[in-house]
Structure formats: structure tokens, C-alpha cells
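Structure record follows, encoded as C-alpha cells.
Every chain is numbered from 1, with letters handed out A, B, ... down the list of sequences.
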Amino acid sequence: MKLTTKLAKIKLDNPTILASGVLGVTAAALNRASKSGAGAVTTKSIGPQRREGHDNPVVVELDCGLLNAVGLSCPGPEESLRELTKAVKSIDKPVIASFYGKSILEFGHMAEFISKAKPDFIEANISCPNVGEFGLPFGCSAKTAGKITKAVKNSTDIPLIVKLTPNVVDIRAIAIEVEKNGADVICAINTVGPGMKIDVTSGYPILSNKTGGLSGECIKPIAVRCVYEISESVDIPVIGVGGVSSGIDAVEMLMAGAAAVGVGTAVWHHGVDVFQKITGELMDFMSENNYSSLDEIIGRSHG
Amino acid sequence: MKLTTKLAKIKLDNPTILASGVLGVTAAALNRASKSGAGAVTTKSIGPQRREGHDNPVVVELDCGLLNAVGLSCPGPEESLRELTKAVKSIDKPVIASFYGKSILEFGHMAEFISKAKPDFIEANISCPNVGEFGLPFGCSAKTAGKITKAVKNSTDIPLIVKLTPNVVDIRAIAIEVEKNGADVICAINTVGPGMKIDVTSGYPILSNKTGGLSGECIKPIAVRCVYEISESVDIPVIGVGGVSSGIDAVEMLMAGAAAVGVGTAVWHHGVDVFQKITGELMDFMSENNYSSLDEIIGRSHG
Amino acid sequence: MIEMVKIAGVREENPTVKTFTLDKQIDARPGQFCMLWIPGLDEKPFGFAKLNGNIEIMVRSVGSYTREMMSLDEGDLIGFRGPYGDGQFKLKGKHICVVSGGVGIAPLLPLVDEALADGRGVSVIHGAKTKQELIPLEKRLGDDVSLTLTTDDGSCGMEGTACDALRELLDGGVDQICACGPEPMMKSVLDVALDAKIYCQLTLERYLKCGIGVCGHCSIDESALMVCRDGPVFEAKQLVKSEFGRYKRDKSGAIIDL
Amino acid sequence: MIEMVKIAGVREENPTVKTFTLDKQIDARPGQFCMLWIPGLDEKPFGFAKLNGNIEIMVRSVGSYTREMMSLDEGDLIGFRGPYGDGQFKLKGKHICVVSGGVGIAPLLPLVDEALADGRGVSVIHGAKTKQELIPLEKRLGDDVSLTLTTDDGSCGMEGTACDALRELLDGGVDQICACGPEPMMKSVLDVALDAKIYCQLTLERYLKCGIGVCGHCSIDESALMVCRDGPVFEAKQLVKSEFGRYKRDKSGAIIDL
Ligand SMILES: Cc1cc2nc3c(=O)[nH]c(=O)nc-3n(C[C@H](O)[C@H](O)[C@H](O)COP(=O)(O)OP(=O)(O)OC[C@H]3O[C@@H](n4cnc5c(N)ncnc54)[C@H](O)[C@@H]3O)c2cc1C
Ligand SMILES: Cc1cc2nc3c(=O)[nH]c(=O)nc-3n(C[C@H](O)[C@H](O)[C@H](O)COP(=O)(O)OP(=O)(O)OC[C@H]3O[C@@H](n4cnc5c(N)ncnc54)[C@H](O)[C@@H]3O)c2cc1C
Ligand SMILES: Cc1cc2nc3c(=O)[nH]c(=O)nc-3n(C[C@H](O)[C@H](O)[C@H](O)COP(=O)(O)O)c2cc1C
Ligand SMILES: Cc1cc2nc3c(=O)[nH]c(=O)nc-3n(C[C@H](O)[C@H](O)[C@H](O)COP(=O)(O)O)c2cc1C
Ligand code: FES
Ligand code: FES
């Protein structure tokens, strides 16, 4: 039975990927996720300035997921680059360097900058909904998403993943534009909403940022639909992220058209062992249902 | 303790409203919801043609909510008008007549048509995401939403509720446009997504329509955020809908700025008794926390 | 949540009815139902014809979905969700009379099993238009059940309707009636039961969409009881002065006379 | 999920430390912690200074959040979520030596309660810079505990550090060490324990954001153990060859030397 999959010529031992912003603040944490069985690991999004992020509370635990507004905390580009370089050197699986900018130009600069560490992929996070000062996410307009993609592609030779937000009217149009401008892979989805949780005793929204992105189990149907729509619209591979916590969840994502699956919030309930759990369950499913490779599963729900 | 609330001069005994599309296909069902304690009831959205809706499956039960794609089934305008008239005559609580059209013009015609039954409100459903042939929901563009509002206002004197979709980049802009064009109340939110659930054994998306709107517990954080943002942006009252199933959920919606709360999916787990449950728990909360009227709760989370 | 279940066996009952054994055991009450999904086609409601051990579903071919079911074989998969329905058959009397029209016998069979296990008396009336449409019940019911067959054309058993047979049985100590079949037949049973003041439960068929009491499509006038949620089994008193026996709603929600 | 909890009582321990009794009982292990939220201000981690009955939280005023806490009174509400932390104190030895610096005594108190209830020997070493910063422990600990106080300036108890006192106690049959306090102090304790080959558990403070093992902010090099999830109590062997005692990360994630 073969669990390998491919993203733009790069092979993954198994289709699970540590999603950006979860655990991956340090090289050591990325290493741990890799050793725990992730097929690839993604750094927390690296930004152009040192940022403390939002004050606590930055997460709200819900019955079916999380709300988070960490606020893109970042030790600054130089220190992030050091951690990234250390990660790339010490980890024997593909390392995906997630990053963001505050303008199209800056996306280009950041791409060039983090490429110095020679990660296997860079991932442009054009979708973070939590940082008011940056305005509406760039990922909400197909045109801007396309321009960012082009600016990044012009700044580096490292394969590019563009990560999309689901909080748009038509994610297909954005995916098409991003592909047209040279993206090698699409990652979908970032958090949903945003959402808000109010403490009824105090009357306060719990997150210090008031609103935060929704993730986990409750967004899986949205993620699956987005992956289905995107993979119907473009030819480049898709990383499906959102609510994956079991082998069956992974199969659902793959059938919707994903070539690999991102795992974030599931680390909350299952710890970093979640990668092994998912691949184990995936293998069980494959042997019970007589699948011998992921190719037979990927995209099965189409047509 | 006072549970009364007001929507555009019309008083509700209590703030719970049966949401559109849940139970309310017949006058008898609306009557039952009213007798079971709803402060007001909303009809299933009435359309300009007889429609069978989508084939089954039209719902998927999730751990934290429902996916549905009923597909705006409708016995046709004449028969709907008969049921509506019967409902208005037999129910002693406010009756809200939900409707939709396939064009701006048709929204106007439908408004005029259903106004014949003299419901207490008409509710323009500009947000249904499930019916492909109608294209993207009208509610996704502030401009179109405004035009529909104006067309409807020009066609009737009955107070108008406009129901918004959360699946947009900026719901505030839409709310502002809808208010500017004369809406008396805003209802938020319709279902989220849409979402998709794939059966991994067969590989088929379960809904015959493939995708469906997400409702219930898992969308509450999104509904609360939308209500918060809308009530910050407009002066007209807001009906908060999405995942309300308890008195505490209702309080959260009210604190976010809603003047009343819609209840849909909660009927699934709690039956039609859910209205009494919610008002009971709401009263318990009010007495424990020394509130004597909803005015002290509504909008509390703002500033 | 839908789950794909394997068909463990298929039995032909008569030219238009087959019984499917599913590789699934559930905890359900007689009268409850499930939604069966054929991916890519549709999903429709069916009662349980057997509840102890692997469940059985007895299906009559009447349209495109049930026709497709007839072609399913042992080993095929079908989507299952359920059991649903708060309105269930309950044993109240000492001697239960079960009145069934055609495939209407299906949801009554687990009730018969239960009544027998509980040592109650059971009479089964089973009627159809003609001999070919009867379900072979002798072996299934065994010797402890008194079985009366009726056909409209007299081709088998008593000539007449199941309700005619019921009238004749009433003196024999029957103190509970449970019925399932075509609505006009059940309407007659209801009238007989009311007349004789015997506790009576009936099942109702309405067009089901969600099956879980949300969409409101199966609401009956004027009580607004939902067939999928409050039913599909109702007590006689819930159905008097209702649409029962008079009209129902089609897939669009439009009223159609029975 | 955050829940607002009433403060049932406030006790002043010394000029900068107060103990808050919360109107809440939980099932937790010594060493676990909670996140306390002051709406509109911030949310910070605190250990439990008492676990049987209403929980107690002992807080030292060191910055804007803890200063605000000092102004809270009986009857006020505070947001609570927890308990968190899979790394907890466990009783292993027959004679436990508890080494605490200042408010570091807090999470060790429930451990002392547990050890005493279990009939084990307990020595408590409690150190601070100066007399004023010591927590009054005599009454709280009772007679069954041998208490050693130390101050850097000798203003109370033994002159020196808690670790100095530990060295002297080691011959007395101590077979388990549990420590909480400033990181340099704990580093010394760790070295002593390794040297003496005594089982030793230590608590670690890192900047916590999510508190639930998701954001990765509290990861320690190179093991990537998460303080909030895998800790905050660690065994000595988990911390050798780590960042412990050398550096930590600030709110942005940047490395700062200790
Ligand atoms: C609670 C309940 C239990 C049932 N149990 C059984 C059973 O055990 N065995 C059995 O053979 N049949 C049973 N039926 C009836 C069965 O659901 C229909 O025969 C089947 O849906 C017909 O589908 P079709 O496409 O073959 O026929 P169609 O040509 O679509 O319709 C034929 C008839 O079936 C009715 N029907 C169609 N779709 C539905 C639907 N979604 N819900 C309800 N009725 C529908 C139509 O109104 C029409 O009267 C039950 C129905 C209900 C409501
Ligand atoms: C697991 C754990 C248990 C703790 N238990 C206790 C206790 O029982 N009693 C007690 O008085 N203190 C305890 N602390 C420390 C307490 O959390 C800090 O004193 C408090 O957060 C300081 O906040 P401030 O705004 O007052 O000070 P600041 O001026 O913000 O900071 C003062 C110091 O506290 C640290 N700190 C600030 N915010 C955090 C944070 N979010 N997470 C971790 N450290 C932070 C800073 O790094 C700095 O070293 C514990 C810390 C952790 C990690
Ligand atoms: C605490 C937290 C922090 C996150 N930070 C980032 C981030 O920095 N960059 C990014 O692209 N996505 C970030 N995400 C989004 C995740 O990568 C992922 O897209 C999303 O959570 C959905 O997947 P999940 O349901 O598996 O968590 C974050 C998610 C969480 C829960
Ligand atoms: C089965 C179902 C059918 C619905 N049909 C309609 C409809 O016809 N018109 C409409 O405006 N909203 C419709 N909705 C949306 C609800 O009115 C409501 O906005 C949404 O479900 C969120 O609320 P909830 O979480 O309480 O269900 C429907 C929802 C469900 C679950
Ligand atoms: S079928 Fe939807 S309520 Fe009964
Ligand atoms: S504080 Fe987020 S992982 Fe520990």
C-alpha cells in the first residue's frame, strides 16, 4: 500500500501536513511534528516585522472547534529566517515556509527573503483574517490574489503554494487567477468567518481581538466544498485543510480532490501524535476498501 | 421580568422567532410553533413558481449542525398565498412571510403578491445559496441587495425584513446599503458555506445537490460576529439567527446586538418545544443576573 | 449520519415485493423507519420488517427508486440513516389485531414478534387486491398467530378488504388494533376502531424530505404533527379531524386529494 | 471554555502576594494550571495553591495584569479555564523535598497536602530574596512538615538560597525533589538532583498564549515539549540539554537570554 503523494514534483511520504500557525513557531517544534509522522511541515506565517500578536485570550475552545486570533505574532524576519534555516537543515521531510506581507510589493520581498533558507515550498498566506490593520484579506479579491502570486513568482524559484481564505463569494475565481499567475499548489482553507464568542456573564467578546478565525471539525464541510470546487477549476494540486482529524476525514478531503491534507486544530485533542493516528486510519481504510495507492482515492468524488 | 421586544413598531411577546424554512411549510405548522411559544413565526420562503426542490438526500446530520439543500421547494405562489392567509388569520403572533425572486423585478412582484395576505412582516430572502440556476445569491453584492430592497419597498407598505447571507467579504457594507434603501429590519444570518459532505464508502457527495448550507451550533460564532458587525453599522433592529438552541445562546445574540433571535436547526434536537425551553432559560438567566428587561441585555457587548 | 451498509440477503416475496436483509443491527421500536440512500439516485423512507438480529426491509416496487432497489443484490451497499420516528407501536392490549394491506405488513412484523415474545394473543389480517400481491406470511408468523388473508377479487382467502375481516374479528376479544396499508383502507380501520372504542394505532405515509422533523414537509393538518418525527405511527385520536384519509402533499408541498 | 467564577475570598500573604479563593471546585493534579481572564485586560496562567475544596490561586504582583489582580475583591468575577497540563507532580518517593522560591510555593502546596494525606515524609524549603518576600507557611503546612526558610540577605531563616538548603538536606533520606521558582534557582536544583541521582520534577514558566498545546508558542528547544501541554511540570531528564536555564521566548517568539 502506497501512502506517497506528490505536490509539484516534490514527494511526500504520506499526505498529512502540519498546517501553518499550529505548533510551528520553532524549528524544534517543526522537527517534532515531522518525527511524529507528518509528511511535511509548515512554519507559522513569517512576517516583515516583529509582532507580539494580540493579547490573550487568543483562543476560544468550542464544542466543535476553535476560534483563534493569535494575531500573526512573529519574532521578526531575521530571527524567523534563522529558525527556518535550522528547520530546513534538520528536518528530512519537506518544509513549507509560510509568510505574509502588508502589500503586494512586500509579498515579493518576503518571498525573496525567506527563499534564502531554501525551504521546499514557500506558502503565501493571503488569507489571514485576524489582523485589522492589514485591512480585508488580500485573498478576497481574485485580482489582488493574482497580483500577489505574480509578484512572488517573480521573486523566487522555490515552488509556491498560495493559501486561500474561504470567506469569499466565489473561491473558484480566485483559484483560477492564482493558477494563471503561476502558483504551483493551492492550499485551502484558512480559518472560516471570522467568528465571535461572547461571555454572557461579563458581556465581553472573549478574544481580545473580539473576532477570530474558526477552525476544526465545524469547518470541515466548508473546507471539503472549497477543495471540491477548486480542484474542479484548476489543474495544480490542492492541499486540503480544515477539520481533518481522522483517516476518514483525510479520505474525504482526498476524494474531494486534495493531493494532501493539512492538519491544524486536531493537534488540540490528539496532540502531535495525530499524524500517526491519521495515517494509520488511512491505511486501515485503504486495506478494508482495497485501495493500493492514494491516486485511486484522490478526486474520486468528481464526475 | 419583561421578555417583550420590538421590531419596527411591532411587539413580540418574547424574542424567539421560528426561522424560515424550518417547519413552516404549512399554516398549521406555523400555528403549532406559535402555540409552542415562539414570539413570531416565519414561513418557508415563498417563490414565484411551483418547485419540487432537490431530490433526497436534502439534509446531512453532522455532529454540530446540519447541511441542507432542500432547494426552495414551493407549491407555487397561489397555494402559498392560501396557506399564508390562513396562517395570518389563525395565528395571534406576528407572522413573517419569507419570499424570494429570480430577479430584482420579480422580488418586487412577489412582495406585492404576498402582501395581499397582510402578514406582519415580509422577509426578502436574498441569501439562499442552494439554487444553482439562480446564480450567486443576490445578497453577495451590496449594490444588488440595495436595489432589491428598494424594489420591494416600492411594492408594499408592509414592514420589510431583509435576510442576509454571511458568505460575503463584508457584511457591514451590505447591511448599510440595505438600510439606506429602506429595510425596516435585518435578519442575519442565512446558512453558512455552502458545505459538502462526502460519503467515503461510495465516494458520492451525500446531498443530491452536492453542496448545502451549514446551520446549527457550528455556525453560531459566525452568526454572533455578523450580528455584532451589523448592529454596529446600522440603526435598524437585527434578528440574530444561527445556532441558537438555549437561553444562553439567545443572550449571546442579544448582547451582540440582536433585538430578537431566530431559531431553526435547534428544532432538530429539541423539537418544537425549543421555544419554551429558550424563553425559560432566558428568564432564569435574567433573574440570576438581575436583568429586568431585554433592553438591558441587547447590545451590551458593544463598547 | 448516513452509513453505507451491506445487503446480506435478498428474498423475493412476490412479483413486486422483495425483502432485503441488511448487515446491520439496531436498537429500534416497531414502527420506526430509516432512510435508504442509493448514491446518485435518491433517498426514501422504509420501515423495518425485522428488528431482532440483522434488520430486514420489505420493499414494493412502485416507482423509479423502488424499481432500482429490486435490482440490488447480496453484497451491494446501500446508504442507511435512522432509526427515526417518536411515534412507535406500543403493546397495550392482551389480544392485538394487526391489519395490513400489502407491503404494509412490513412494519407490523416486528410488533408481532414482540407481542408473541410477550405472550400476547395476535391476529393478523393481511389483504391485497389479488393473490399475487399478498406476502407469504404463514412461515414467518408461525402457528401462534391467527392469520386471515383477504383479496378484493377473492383470488385467495376471504373476498373483501382487510377492514371487512377486521369487523368480523372484533368480537373475538381484540383489544388493540395496529394498522398499516393504503390510506383509504386505514381510514376504514380507524372508523371501525373508533366505533368499537378499541385502542388503535395507524401508520401514515407522507412525502418525507429531511426525515428528522426539520423541514416541515410532512406536517399534517391541523395538528401539524410531523409524520417523520411525531409519527409515523399515530394513535387514532391524533388523526380524527385531520387531513388523514382526505388529502396529502406532493414533493412541492402542494395539496393533492387522496 | 471560559467561565466566570466568583472570588470567594482574598488573603494577603505579604506586601506583593495575595491568595484568592475561587468559588469553584475542580478535579486536577498538583502542578496543573488554569488561565485567568480579566475581561478587557488580558488572560494569564496560574497554578493551583489548593485543590481540595474551593481552589486557591496565589498571585505575585509583577506587572500590569497581576497588579490589576491585586485590586480584585471578594465577590468580584474572574474568567477561568482549565485545568491544563499533562505534566503533573507525581508522588514517587517516601520522603519528598519541596523546593520553592517565593510564589513558586503555590503549585507545590497541593502536592504537600497529597503527600501528607498519603503518609509520606515532607520537607519544604522556601526561599526568597528577603524576609518580606517570604510567604507565611507555618500554619498552612502544619507540624508534620519540616520547613526550612532561606533568604539571600539572611533577614529570615538561613542565609543563602533554597538550593543551598537543599544540599544540606540531601543526606536526610530525601528520595524525591519537586521544585518551583525562578529559573536560575531551579537550574541549580536540577544540577544538585542529577548529581545526587534523586528523582526530580520541576515546573517551567514560558510565555503562554493558547494554553492548550496548539499555538506552539511555549515550545522548548530542542525537544519541542510544550510547557502548557506537556508541562508545566517536567522530569529532570526532560530538561537536560534543553534551553532550560539558558533562554526563553518573549511574546513575539523572539529568544531572550535568561
Ligand atoms: C414512514 C414510511 C415508511 C415506509 N415504509 C415502506 C416499506 O417498509 N416498504 C415499502 O415498500 N415502502 C415503504 N414506504 C413507501 C416508500 O417510501 C415509497 O414507496 C417509495 O418512496 C417510492 O419511491 P419510488 O421512487 O419508487 O416511487 P415514486 O414514483 O417516487 O412514488 C410512488 C409513491 O411513493 C411515494 N413517495 C415517493 N417518494 C417518497 C418519499 N421521499 N417519502 C415518502 N413517500 C414517497 C409517492 O408519494 C408516491 O405515492 C414507506 C413510506 C414512509 C413515509
Ligand atoms: C504554568 C504557569 C503557572 C504560573 N503560576 C503562577 C502562580 O501560581 N502565581 C503567580 O503569581 N504567577 C504564576 N505564573 C506567572 C504568571 O503567569 C505571571 O506572573 C503573569 O503572567 C505576569 O503578568 P503581568 O501582566 O502581571 O506581568 P508582565 O509585566 O506582563 O510580565 C512579567 C513576567 O511574567 C511573564 N508573563 C507575562 N505574561 C505571561 C503569559 N501569558 N504566560 C506566561 N508568562 C507570562 C513575563 O514573561 C514576565 O517574565 C505562572 C506562569 C505559568 C506559565
Ligand atoms: C492557533 C492557530 C493559528 C493559526 N495561524 C496561522 C498562520 O499563521 N498562517 C496560516 O496560514 N494559517 C494559520 N492558521 C490556520 C490553519 O493553518 C488552518 O488553515 C485552519 O486552522 C484550518 O485547519 P484546521 O481545522 O485543521 O485547524 C492558524 C490556525 C490556528 C488554529
Ligand atoms: C432545512 C432548512 C431549510 C431552510 N430553508 C430556508 C428558507 O427557505 N429560507 C430562508 O431564508 N432560510 C432558510 N433556512 C435558513 C434558516 O432560516 C436559518 O437562517 C439558518 O438555518 C441558521 O439558523 P439555525 O442555525 O438556527 O438553523 C433553512 C434552514 C434549514 C436548516
Ligand atoms: S420530512 Fe422534514 S419534517 Fe418530516
Ligand atoms: S501556549 Fe500555545 S502551545 Fe503552549
Side-chain angles (χ1 to χ4, degrees), chain B residues 18 21-33 35-36 43-44 49-63 66 68 70-71 73-76 78-80 82-83 86 90 197 199-208 215-216 264-272, chain C residues 1-6 34-46 63-65 76-82 84 86-87 206-230 241-243 247-256:
Chain B
L18 175 71
V22 172
L23 299 185
V25 171
T26 66
L30 294 166
N31 208 333
R32 183 177 174 195
K35 291 214 174 93
S36 301
T43 68
K44 168 140 194 84
Q49 266 106 37
R50 180 175 178 279
R51 284 177 61 87
E52 293 201 324
H54 298 307
D55 285 338
N56 279 356
V58 295
V59 295
V60 182
E61 297 161 84
L62 305 169
D63 285 340
L66 285 178
N68 97 78
V70 171
S73 55
C74 172
E78 295 294 343
E79 185 150 348
S80 296
R82 268 199 301 278
E83 288 286 339
K86 187 175 152 192
S90 59
K197 174 79 193 167
D199 169 65
V200 294
T201 310
S202 66
Y204 275 81
I206 295 177
L207 293 172
S208 74
S215 64
T265 302
V267 165
W268 171 35
H269 280 128
H270 302 284
V272 70
Chain C
M1 176 65 82
I2 284 186
E3 168 199 358
M4 296 306 289
V5 166
K6 196 167 276 170
C34 61
M35 300 293 287
L36 294 183
W37 175 47
I38 302 181
L41 183 61
D42 211 324
E43 187 200 40
K44 304 271 177 176
F46 295 92
S64 59
Y65 182 90
D76 287 344
L77 295 171
I78 193 161
F80 175 98
R81 62 183 175 103
Y84 296 125
D86 295 339
R206 285 295 177 269
Y207 201 98
L208 301 193
K209 295 196 162 190
C210 73
I212 54 172
V214 164
C215 74
H217 203 84
C218 65
S219 168
I220 58 176
D221 288 342
E222 298 295 331
S223 59
L225 290 166
M226 304 289 157
V227 168
C228 71
R229 176 77 171 246
D230 304 301
K241 289 203 219 146
S242 77
E243 68 177 48
Y247 63 84
K248 61 179 185 176
R249 283 179 159 84
D250 68 11
K251 193 177 176 184
S252 78
I255 288 177
I256 43 176

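- When each of B:Asp63, B:Ile206, B:Leu62 is scored by its heavy-atom pairs under 4.5 Å with chain C, the top score falls to B:Ile206.
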Working note: C:Met226 + B:Leu23, criterion side-chain contact (heavy atoms from CB on, under 4.5 Å); need CA distance, chi angles, decisive distance, verdict. CA-CA 9 Å; C:Met226 304 289 157; B:Leu23 299 185; 3.5 Å; yes
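- For chain B, the nearby part of C:Leu77 is the side chain; its heavy atoms alone come within less than 4.5 Å.
- Contacts of B:Leu66 with chain C are made by side-chain atoms alone, with heavy-atom separations under 4.5 Å and no backbone atom involved.
- Test C:Glu43, C:Met35, C:Lys209 against B:Pro57 for side-chain contact (heavy atoms from CB on, under 4.5 Å) and you get one pass: C:Glu43.
- Contact count versus chain B (heavy atoms, under 4.5 Å) is highest, among C:Cys218, C:Ser223, C:Gly211, C:Cys210, for C:Cys210.
- Using a 4.5 Å cut-off between heavy atoms, C:Ile255 touches chain B through backbone and side chain atoms alike.
- No donor-acceptor pair under 3.5 Å is formed between the side chain of C:Arg81 and the backbone N or O of B:Val60.
- The two residues B:Glu61 and C:Met1 come nearest to each other via the heavy atoms O-CE, 3.1 Å.
- Only the side chain of C:Asp230 comes within contact range of chain B, with heavy atoms under 4.5 Å apart.
- Separation of atoms CD1 (C:Ile38) and OG (B:Ser202) is listed at 12.0 Å; rounding is to 0.5 Å.
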Evaluate the side-chain contact (heavy atoms from CB on, under 4.5 Å) criterion for residues B:Thr26 and C:Arg249: first the C-alpha distance (whole Å), next the side-chain angles of each, then the deciding distance (0.1 Å), finally the verdict. CA-CA 10 Å; B:Thr26 66; C:Arg249 283 179 159 84; 3.3 Å; yes
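- B:Ala28 and C:Asp221 make their closest contact through CB-OD1, 3.4 Å (heavy atoms, listed as atom of the first residue, atom of the second, distance).
- Most heavy-atom pairs under 4.5 Å with chain C, from the set B:Asp55, B:Asn31, B:Thr201: that is B:Asp55.
- A donor-acceptor distance shorter than 3.5 angstrom exists from the side chain of C:Asp42 to the backbone of B:Asn56, with no hydrogens or angles considered.
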Given the rule in the side-chain contact (heavy atoms from CB on, under 4.5 Å) test, do B:Val59 and C:Ile212 qualify, once you have shown the distances and angles that lead to the verdict? CA-CA 9 Å; B:Val59 295; C:Ile212 54 172; 4.2 Å; yes
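- Only the side chain of B:Asp199 has a heavy atom closer than 4.5 Å to any heavy atom of chain C.
- Heavy-atom neighbours of C:Lys251 NZ from other residues, nucleotides or ligands within 6.0 Å: above the threshold of 12.
- Annotation for C:Pro39 and B:Tyr204: closest pair CB-CD1, 3.4 Å, computed over non-hydrogen atoms.
- Both the backbone and the side chain of B:Val267 come within contact range of chain C, judged by heavy atoms closer than 4.5 Å.
- The residue among B:Val22, B:Val200, B:Leu30 with the most heavy atom pairs within less than 4.5 Å of chain C is B:Val22.
- Atom CD of residue B:Glu52 and atom OH of residue C:Tyr207 lie 7.0 Å apart, to the nearest 0.5 angstrom.
- Shown are B:Gln49, B:Glu79, B:Arg50; of these, the side-chain contact (heavy atoms from CB on, under 4.5 Å) with C:Ser252 is made only by B:Arg50.
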Residue pair B:Lys44, C:His217: steps toward the side-chain contact (heavy atoms from CB on, under 4.5 Å) verdict: CA-CA 10 Å; B:Lys44 168 140 194 84; C:His217 203 84; over 6 Å; no
